[in-house]
Structure formats: C-alpha cells, structure tokens
Amino acid sequence: TVWSYTYKNISRANRILEALDKLEGKYSTTELNTLRAEARFFRAFAYSRLITLWGDVPFYVTSITPEEAFEMGRTDKAVVLKQIYEDYDYAAENLPAANNNSGATRVDKGTAYAYKARTALYQHDYGTAAKAAQDCMDLEVYDLAPDYGELFRDKTRGSKEVIFSVAHSSDLELDENGKPTTQAIGSFIARSAGGTHNAQPSWELLAVYEMTNGKTIDEPGSGFDPHDPFANRDPRCLETFAAPGSRIYGIEWNPAPNALEIMDYTQNRMITNKDSKGGSDASNCAYNGCCLRKGAQESWRTTLYNDNPVILMRYADVLLMYAEACNELGDDATARKYLNEVRNRVNLEDVKSSGNDLRKDIRLERRLELAWEQNRLYDIRRWTDDNGKKVISNLLGTNGT
C-alpha cells in the first residue's frame, strides 16, 4: 500500500503541474508558481519515500498511460534523487515563509528545507543535509517549545516548533450519524478505559532513557531503582510512558498484579482493573505493563478519536539532523552545540563526546526525542545499512574471501 499510494501521489502531482501550465495568462505568475511549488514538494516527498525504502524505482515526471507504466523499469536512484533536490529547491524558492489559507496549514519554505535535509540525511549526503537544515534554521521562524509533553497535546497548531502537521477535527470528520469517525486510536487506550491497548512502548525504549544525573541505568552511581524505574529519569520518559499510579484517559494507570481495582476519576469510584495480570481477565491485559502517554487526551476515551494534529516535521528534528550531518562531516563542536540545544530543553546535561561516541549520542537522542513519531524505522534502516556495509567489508577482508 505504501508503494501504490505513493505512486498515486506522484501521478496527481504530475497532473496538477500539467494543468497549471494550461492556466498561464489566466492567473498571476506568483499564484501559479506557488501551486507548482506545492505540487513539486509532494512529488519530491513521495519519491524520497520510495528511494529510501526501495532504492532504484520507476520514475516519471509527466502523465503516463497504464501501458507505459507496465513497460517501465526502475531508474537509478541517483537520477531520482537529483529530481527530488530540484523539486525541493523549487518549492523553497517559490513558497512563502508562512503559507496558511483559511486556517489550513500548507507546506511552506521551511517545510521544503526540512524535508530536503531529511532526504539527504537518509541518502548519507551529509553536506546537502547540513546546508538544507541550516537554511531552515536561518529562517528564524521556528523554535523549541518550552514544554515537551504539551507539544503533543496542543490542538491549536500554534507551536513554533511544528514545521508541518496534518490536522484532524472531530467537528468536521463525522460519520452518517453526525458522530466523529472512529480511528485506530483505541489501540493506544488502556483496556480499563475502553480501548484494546494493542500498541505499547517497549521495555527496551524505557531502559535507554538517562537518569537526571546524565548516567545510564546500568552505570555505577546512576541511582536507578528497578522497583521504581520511572524515578529520576529523563523528563521525556514520563511524557512518553504513563508511570504506574498516574492519571491517563481519566483513570489510574496501574498494571501491577495486585492492583485488581483502580480509580476512575471521571466517575469518582473504583473500577475493575482490566490492565492487570492479576485480574480475572488477565489473558487480555497489557502485554508488557507499559502504556503510551505521548499525546494522550482524556477525550479519546469517549470519542475514540484523536483530535491532535499529527506532527510530521518539527524543529527538534531539524536540529538533530543538523547535528548528525555536522558530526559525519567532522565538525564535532557544531554537532554538540545543536544536540545539546535539544537536550537542554528538558534540562539534561550537555554531552561532551566526540567522533564515534558523539555519533552514538546523537542516534540515541533521536530515539528518545522522536519516540513514536514514525521516524525509527527509517533511522534503523539507514544506520543498519551504513554499519552493515562496514561489517561485511571486515568479514570479507581485503582479498574478498
């Protein structure tokens, strides 16, 4: 479905561009170029996803017939990447710094720079990635939100950290009965609050958050208490995970085997805990005892609808991309500066590493800062590909045997 829907996007973008050519003289050049820039942005976005996932792919920039499509082979991804960069550059040149129309958030200049940086980073083109990220930063229209957790619960789309997001509205997305259309959001909601709770953050993710003293949980003197694993951790840990005893979805979250009842704050009474392995319905309780807090709203419980904008690109990601690109280019000082800017938002100590150790710190920071924001798969793929080639080379040796 990713393949087919992405090519639908490409075909639509191409048709829009051809249609705009027919409108020359009927509308101002600025209006037409702005629309062309939007279409070329989304074509670049689509091709970026394709070459990141599959490498060489079928490539076309005009309308084609079904017969031509069936006969088409794959094009070297370097050729496709050249077009992607050209499309993003055209978008950045012709889109305004702010592109709002009747309250709808549209792509703008900063969005084009940010996504060009992401594409270049995924392709290990660190010079281009650093330049595009720097261009985005130089616009001086974005900043880190002061409250990390609230950033994902804010429905106003007013944060200067958000570069591009997809809006949702329970007032507009209604079914035939006038009720908000249901989403898969029930997979995130605790069973005691009426969800299925199939989607849960992992213990591996929980384990890698630092302590507030900057040490990992397995370092001597870290102060980590395995009986209270959420105490004195990176503040983003408690904004990503619901700690036992905390309130979420209007109920008390407590997966402990002896917690057979929990408080329902919306009804001010105790209810059966369906998320405890000690209960009568233990076979369907929380599989690993973890619950995702990031973005969670109590309204999800009653509407089964996520009214939050889905954030697809934010400024913290741009800073981390810039840090990573600078580190790969050998500029440790700049890489540390922007990595620490992200860490300082949640009052974590500065990292002082360099070289390969700094690379590890940047990669860990991406995992924690961007947890559950649909980046992890792409990061793992590009890092595994990079490291995998080195591993294979070392195994083969100089003579290839």
Side-chain angles (χ1 to χ4, degrees), residues 147-156 168-171 173-207 209 224-310 371-373:
D147 188 323
Y148 178 81
E150 185 58 30
L151 171 65
F152 305 100
R153 295 185 291 269
D154 182 8
K155 300 180 183 182
T156 67
H168 287 296
S169 172
S170 56
D171 294 328
E173 298 179 23
L174 306 177
D175 61 20
E176 62 275 10
N177 298 315
K179 296 182 178 180
T181 53
T182 58
Q183 301 173 329
I185 201 67
S187 298
F188 297 87
I189 300 173
R191 296 185 70 251
S192 300
T196 59
H197 204 219
N198 296 323
Q200 300 162 18
S202 67
W203 278 92
E204 289 83 359
L205 177 61
L206 176 60
Y209 283 96
F224 176 69
D225 181 359
H227 300 289
D228 190 5
F230 293 92
N232 301 317
R233 305 293 294 278
D234 177 337
R236 292 171 298 188
C237 181
L238 285 173
E239 293 293 354
T240 304
F241 290 80
S246 63
R247 174 171 175 164
I248 188 170
Y249 305 122
I251 64 167
E252 172 194 2
W253 169 255
N254 193 343
N258 61 347
L260 303 184
E261 290 188 327
I262 54 171
M263 172 60 72
D264 184 336
Y265 297 102
T266 63
Q267 302 182 57
N268 196 29
R269 66 182 182 88
M270 302 297 288
I271 60 172
T272 300
N273 187 1
K274 297 181 179 179
D275 296 289
S276 166
K277 289 187 180 292
S280 59
D281 194 15
S283 61
N284 293 318
C285 72
Y287 305 113
N288 64 3
C290 296
C291 182
L292 185 71
R293 176 176 293 283
K294 203 168 190 177
Q297 307 273 13
E298 290 195 6
S299 61
W300 292 2
R301 179 181 180 181
T302 54
T303 63
L304 289 180
Y305 185 92
N306 177 11
D307 234 350
N308 305 356
V310 177
W372 284 75
E373 294 182 48

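Predicted model, so just to flag it, every value in this text is computed and none were measured. FYI, side chains are in, hydrogens and waters are out, and symmetry mates aren't considered; it's all heavy atoms of this structure.
Under the 4.5 Å side-chain criterion, counting only non-hydrogen atoms from C-beta, Leu304 is in contact with Ile189. Proximity of Ser192 to Tyr249: side-chain heavy atoms (C-beta onward) are nowhere separated by under 4.5 Å. In this structure, Lys294 and Pro201 have side chains that are not in contact, with every pair of non-hydrogen atoms separated by 4.5 Å or more.
Separating the OG1 atom in Thr266 from the CD1 atom in Ile271 is a distance of 7.5 Å, to the nearest 0.5 Å. The CZ atom of Arg191 sits 8.5 Å away from atom OG1 of Thr196, with the distance rounded to the nearest 0.5 Å. One distance of note links CD of Glu298 with CZ of Arg153; it measures 11.0 Å at 0.5 Å rounding. A distance of 6.5 Å separates CD1 in Ile251 from CZ in Arg301, rounded to the nearest 0.5 Å. Taking CG of Asp154 as the start and CG of Asp147 as the end, the distance is 10.0 Å to the nearest 0.5 Å. For the atom pair Glu261 CD and Arg269 CZ, the distance stands at 9.5 Å (nearest 0.5 Å).
Nearest heavy-atom pair, Ala256 versus Ser276, reported as atom, atom and distance to 0.1 Å: O-OG, 2.8 Å. Closest of all the heavy-atom pairs between Asp264 and Gly250 is OD1-O, 3.4 Å. Contact detail for Gly289 and Trp253: the closest heavy-atom pair is O-CZ2, 3.5 Å. Across all non-hydrogen atoms, the minimal contact from His197 to Cys290 is CE1-O, 3.2 Å. The nearest pair of heavy atoms linking Pro309 to Lys155 is CD-CA, 3.9 Å. For Ala190 against Asp275, the heavy-atom pair with the smallest separation is CB-OD2, 3.6 Å.
Within the 3.5 Å criterion, the main-chain N or O of Asn306 finds no donor-acceptor partner in the side chain of Gln297. Listed for the Gln200 side chain is a donor-acceptor partner under 3.5 Å among the backbone atoms of Asn288. When atom types are taken as modelled, the side chain of Asn258 and the backbone of Gly278 share no donor-acceptor pair closer than 3.5 angstrom. When atom types are taken as modelled, the side chain of Asn308 and the backbone of Gly295 share a donor-acceptor pair closer than 3.5 angstrom. Side-chain N or O atoms of Arg233 include one that pairs as donor or acceptor with a backbone N or O of Leu206 at under 3.5 Å. In this structure a side-chain-to-backbone donor-acceptor pair under 3.5 Å is present from Asn273 to Asn254. For the pair Trp372 (side chain) and Thr240 (backbone), a donor-acceptor distance under 3.5 Å is absent.
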